[in-house]
Structures are given as C-alpha cells and as structure tokens.
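Following: one structure in structure tokens, then a few remarks.
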2 protein chains.
Amino acid sequence: MKLTTRGRYAVTAMLDLALHGKEGPISLADISSRQDISLSYLEQLFAKLRKSNLVKSVRGPGGGYRLSRDDTKINVADIIDAVNESTDATNCGGKGICQNGEMCLTHHLWNDLSTQIHLFLSGITLGQLTQKEHVQSICERQDMEQLAQNEERLALIGLDSGNA
Amino acid sequence: MKLTTRGRYAVTAMLDLALHGKEGPISLADISSRQDISLSYLEQLFAKLRKSNLVKSVRGPGGGYRLSRDDTKINVADIIDAVNESTDATNCGGKGICQNGEMCLTHHLWNDLSTQIHLFLSGITLGQLTQKEHVQSICERQDMEQLAQNEERLALIGLDSGNA
DNA sequence: AAATAACCGACTGATTTAGTCAAGTAATTA
DNA sequence: TAATTACTTGACTAAATCAGTCGGTTATTT
C-alpha cells in the first residue's frame, strides 16, 4: 500500500479541473497557483493522467486540460491508479507468493484490506466531490486567494514599468 | 498513508506468537525461521512492540516473547501503530493545515479514507485470525517446513563432526 | 562458567519521493 | 510568418525512508 503526495496531488488537481473546467480548458499554471503544486510536478502527473485517458489537452494560447469524460464517470481510484500509486496492500501484488512462492500467514488479511480500500475509493466520483459543501467553500476561498495574488502581481508590474 | 513490509512483518510475527505461544515464550529465532524474517529485523520490531505493551519478554535460555494480553484483545491496528506505520491518509496528520495552514481541497476525502481503514483494521483481532481456516493450514505447513529444516541442520552437523 | 536469548545503537545500500531544469514541439494570434 | 503560449519529454538531484546488518551488552538458566 502506498498513498503519498503524488496520489493526493493528482486527485486534488483533477478536482480543481472538475470545479473550474465547465467552460473551457484550464492551464496547469492556474491549477498550480490555486492548489500550491509545483508546475513542473503537475506536468509529470498530467502526462500520466493523459496516458490513462482521464484528461485531454488543448495546446496553444488559451489552451490547457479538460476532463476526458463527465466528472460523474471518473472516480478517485481511477486517478490514483493512473499515477502509479497502488491501492494494493499485499507485498506480492495479490499473487499469493509472499513466502518463497507460497502464501504468507497474513496474505488474506492484506488482500481483504486492499479490496476494502479499492471499494471505498472507486465509489467516490469527482462529480460527487464537487457537490460537497466543504469542497465548494474551500474552492471559493482558493479563487479569492488567486485573484488577490494576480492583483498584487499586476500592481508590481505597474510600479516597475511606471505608466509609460 | 504508509503500509509497508514493516507493518506486515509485525502483524505476521504477532500472529505467529498468537498461534504458537499457548504454552510458553517463543524465541525470535523460531519466528525468524518460520516466517522468513531476518532475526535482527525482528529484534527492531519487537523493541517497538514491547514499548507499546503488546508483548512481554523473558530473557535467558528457554526465553522469548509472549503476548502481553489475550489474543482477542489485540487488534491489527494496534500492531501497525506500534511499529510507526500510520493508517492516516492525510498529508497533514488530520490537522487540516494541508495548504499553507488552511485546509486543502481533498482533506475530507483522505480523512474519511483514514477512518475507513482504521475501522477495518481495528475490527480484526489476532484471536479472530487464529481461528481462520486458511491461517491454520498455512501455519501447519510452516511448522512442517521448520521441522524439515531442523532435521537437515542436524544431519549436516552429524556429517561434519562424524559420530564421535 | 557456558550457553542462550533478549537488548541496544550505529551503520549502510537501495529505492522512492518530490521536485528542478532545460530543451524541445505544437497550436494560436497578431 | 513571427512571436507567444502552453504542453511534452527526459535527465537529473537532494532528501527521506526502508529493509537489513553488525557488533557488542545484559540477564537468565543449566
């Protein structure tokens, strides 16, 4: 079992996409500033998400990423799998060859746990998450913060270049 | 979330104790040979298990470890916690400070997952595991293998030293 | 006293994570 | 068509963690 920042980032980024991508494609730079995830790292993750057919990319100015299907048709387990984090809790990949080719004493236990985790995560879709109240309120906060950041940046540029 | 060989070894070793420790203390050397876990590594793990009051030790010849309470009173989550593997799936340790002190978009999701995993694992006791049919059959196999190994070893010693 | 087995701490090689950097390629817009 | 914007790819790295080793100490029994 392995669940680290990578899987969490991927799910967070995908949820950001689901929340903001209603109109058009969203750039990774936007996601990066809203979710505080390094742009280069997002690029790595989205390469995998694209290979697993969870997102589609649009190049050029105004481009970015969009979900490749409806947000009610993408679940959390899909995303975690796509970035190579397994929800498998066994050591042997579920094959039952954990002790010299034979089954170890606790194989079934880890197998059951894996099933449990997978059931839970595959039962939650991005669509469901976007409907949650606390998700929406955090989303609003992040949008505000991003606006504030943009204004600051613009102000700085204004100062630097004067009003030429 | 982190669940690696360490946690799996700890649970396996504890289950071995529950299965074999009915009469007296069991040495780590025994567990090591039955479960194919390095003796030194077991020592590390049992130091932690002892600090968490899950096992008691008996020194000297014939010594070893025994469970510090009934096997129906020790659950799998207890053991995993003891060896420092967390069942927490959040990045912030459940504190909700995942994004610059504020809550990240997916905090609740990981929190729910943690709860789910912990519920599952803390609902399974060593006592329950010892009753399972497949556990008992694997246990028997391991006992046979250990016997075979001992005989081989004795035979080798016999050859080496002759029949002096 | 000798054998046994737990106890302790320092150390190590390998792997993985999270993240950076640089050099592309493709699509738009002016 | 030139400049811009944004995605794409791959190599690279510092830090952390894991799994495991090694040498030696302490306590207990025979």
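Proteins get letters first, then strands, A, B, ... in listed order; numbering begins at 1 in each. Every heavy atom of this structure was used, including side-chain atoms; hydrogens, water molecules and symmetry mates were not.
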Just to confirm, is there a sub-4.0 Å distance from OP1 or OP2 of C:dA18 to any side-chain nitrogen or oxygen of A:Ser38?
-> no
Between the base of D:dT26 and the side chain of B:Arg59, is there any donor-acceptor pair under 3.5 Å?
-> yes
Please report, rounded to the nearest Å, how far the P atom of C:dA6 is from the CG atom of B:Leu42.
-> 10 Å
Rounded to the nearest angstrom, tell me the gap between atom CZ in A:Arg6 and atom P in C:dT17.
-> 5 Å
Has the side chain of A:Gln44 got a donor or acceptor that lies under 3.5 Å from a partner of the other kind on the base of C:dT20?
-> yes
Between A:Thr72 and A:Thr125: side-chain donor-acceptor atoms closer than 3.5 Å = no
When the ring planes of B:His108 and A:His134 are compared, do they come out parallel, tilted or perpendicular, using 30° and 60° as the limits?
-> parallel
Have a look at B:Phe46 and say if it touches a base, only the backbone sugar-phosphate, or nothing, with a 4.0 Å heavy-atom cut-off.
-> nothing
Considering only heavy side-chain atoms of B:Pro61, the closest of D:dC7, C:dA6, D:dT29 is D:dT29
Side-chain N or O of B:Arg50 closer than 4.0 Å to phosphate OP1/OP2 of C:dC8 = yes
Just checking B:Ser40: base, sugar-phosphate only, or nothing, at a heavy-atom cut-off of under 4.0 Å?
-> base
Is it the case that A:Arg34 and A:Gln146 place a side-chain donor and acceptor less than 3.5 Å from each other?
-> yes
